[in-house]
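Read the structure below first, then the notes.
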Amino acid sequence: LGADHGHGSYRTDLHENYSRLFAAHNTIIVNGASQGEGGWVQLGMNSTQLVAMEPMPLKAAMSPNHSFTRTSFLDDKGDKAEAKQERTLALIRTSPTTGYYVDVFRSKSILPNEFHDYLYHNIGDELKFHNKDLAVKPDDQRYMANANVEWKQNLQFKNPGWHFFKNVESSNAYESDVKATFEINQNSKKQYMNLFIAGNKNREYTKVMAPKTFEAPKPYDNLPTPTLVIRQKGEAWSNPFSVIYEPTYDSKSTEGIQTVTKIEKNGAFIGFKVTSMIKKKLITQYVISQPKNFKYSNKEMEFKFTGGFAVITYNEKSDLQSIYIGEGKLFKNKNYAIKSKDGKQIAAYIDFSTAKNEIKASENAKVLFLRK
């Protein structure tokens, strides 16, 4: 997801006060205060912890078209962030040439008046918002609070580093879902990264030009990096930063994602309903991303799922095309059931699009055909 900033010359202002800090990366900054502390040159921080993953390293994948990982992170260095985070990333292939990424990033602080900023950098020339009523205006002071903090080389830094952002433009609070695109125009072939962002209350959108990305391909390794920053006032856990990323080449192509709708229960985010045009035929996918023992019932398609991550795919006739469970205990509809034999999490994949149903499952999974 996005090129990494990389690094230039050591011991420079850019390296010490941006490249090594939070603002240079695709992450969340909490209360404007996420930082390292202790350890090597005051950059110590907690390790990211694995929560769930499919496939596990060096293991065979359940599906050729799906994979996911969920990790957790404790942002508690300094005394102004004090946050717990959990991130789910998934890759979903819809054909040999189409697919998308899913990013569900949860964050909450124990401190009052919390706010969370989700950052995403993408190589390119421009970031465009497609919502006609999402207006942005110059906001030059938004990230300048620490710009004049004293810098002591390899000891004290201007955390979190976002004072390097230029051409800052922000919206007022905007609640609706957002469609945005990073445009890449200076390669031999135009490219686009399309973003489908689940909306929420008390949310503001900012676009900036970040410093150049050293690891980008030419000519973008010497150009500013267009960057999206989404601010959530209040916790971002029950309604996390939830974004689908779709890379494309042809802005006029009818292939790929057509619509994205967030799925909610009692006002909390559960997942996405994604409709795509693949080889001139529509498919609909329900992408569920929740805590591992969450129970979800879909009345429209009449299925139930208990677990943390799944992708349920239907063809244009609403026939079940595939079931992917990355982490779960139960999937059930009127025809099929996949359940855990020992009460532990399972992983499974069934592909109904072939002449013979392709079935792969973890050893503790039981697959039942309830009706022919």
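Nothing fancy with the numbering, it's 1 onward along the sequence. Treat the numbers as computed from the prediction; the structure is a model and nothing was measured.
Glu16 contributes a side-chain N or O that, together with a main-chain N or O of Asn154, makes up a donor-acceptor pair within less than 3.5 Å. With hydrogens and angles disregarded, no donor-acceptor distance shorter than 3.5 Å links the side chain of Thr213 to the backbone of Ala216. A donor-acceptor pair under 3.5 Å is absent between the side-chain atoms of Asn65 and the main chain of Thr94, judged by distance alone. Checked by atom type and distance alone, the side chain of Glu255 pairs as donor or acceptor with a backbone atom of Lys279 at under 3.5 Å. Checked by atom type and distance alone, the side chain of Glu302 never pairs as donor or acceptor with a backbone atom of Lys334 at under 3.5 Å. Proximity of a side-chain donor or acceptor of Glu246 to a complementary backbone N or O of Ile257 within less than 3.5 Å is detected. In terms of modelled atom types and a separation under 3.5 Å, the side chain of Lys212 and the main chain of Tyr220 share no donor-acceptor contact.
Of the N and O atoms on the side chains of Lys179 and Asn194, not one donor lies less than 3.5 Å from an acceptor on the other residue. Side chain to side chain, Asp250 and Thr248 fail the donor-acceptor criterion of an N or O pair below 3.5 Å. At a cut-off of 3.5 Å, with distance as the only test, no side-chain donor of Glu82 or Ser109 sits close to an acceptor on the other residue. In the model, Asn122 has no side-chain atom that pairs as donor or acceptor with a side-chain atom of Tyr245 under 3.5 Å.
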Hey, mind stepping through Lys190 and Glu183 against salt bridge (charged side-chain N to carboxylate O under 4.0 Å, His left out) and telling me if it holds? CA-CA 8 Å; Lys190 283 193 173 184; Glu183 294 191 356; 5.9 Å; no

Applying side-chain contact (heavy atoms from CB on, under 4.5 Å) to Phe115 and Asn31, what does each step give before you reach the verdict? CA-CA 5 Å; Phe115 64 96; Asn31 301 332; 4.0 Å; yes

Kindly indicate, with the supporting measurements, whether the criterion side-chain contact (heavy atoms from CB on, under 4.5 Å) is fulfilled by Thr71 and Phe73. CA-CA 7 Å; Thr71 54; Phe73 177 68; over 6 Å; no

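Tested against Phe214 for a ring-ring contact (aromatic ring centres under 6.0 Å, His included), the candidates His7, His5, His121 yield a single pass: His5. When each of Phe241, Phe105, Phe182 is checked for a ring-ring contact (aromatic ring centres under 6.0 Å, His included) with Tyr120, only Phe182 meets the rule. Considering Phe68, Tyr286, Phe272 in turn, Phe68 is the only one that fulfils the ring-ring contact (aromatic ring centres under 6.0 Å, His included) rule with Phe309.
Note: Tyr10 and His15 have tilted aromatic rings, judged against thresholds of 30 and 60 degrees for the angle between ring planes. Aromatic ring orientation, Tyr174 versus Tyr205: perpendicular (interplanar angle above 60°, classes split at 30° and 60°).
Atom CZ of residue Phe303 and atom CZ of residue Phe331 lie 6.0 Å apart, to the nearest 0.5 angstrom. In this structure, the separation between CD on Glu235 and CD on Glu114 is 6.5 Å, given to the nearest 0.5 Å.
Contact annotation: the side chain of Leu320 never approaches that of Asn335 to less than 4.5 Å [non-hydrogen atoms, C-beta and beyond].
The 12-atom threshold is exceeded at NZ of Lys262, counting heavy atoms of other residues, nucleotides or ligands nearer than 6.0 Å.
With sequence neighbours left out, the salt bridge (charged side-chain N to carboxylate O under 4.0 Å, His left out) criterion links Glu204 to Arg142, Lys233.
Residue Val136 is not grouped with residue Met209 when hydrophobic side chains (ILVMFWY) are merged at heavy-atom distances under 4.5 angstrom, including chains of intermediate members.
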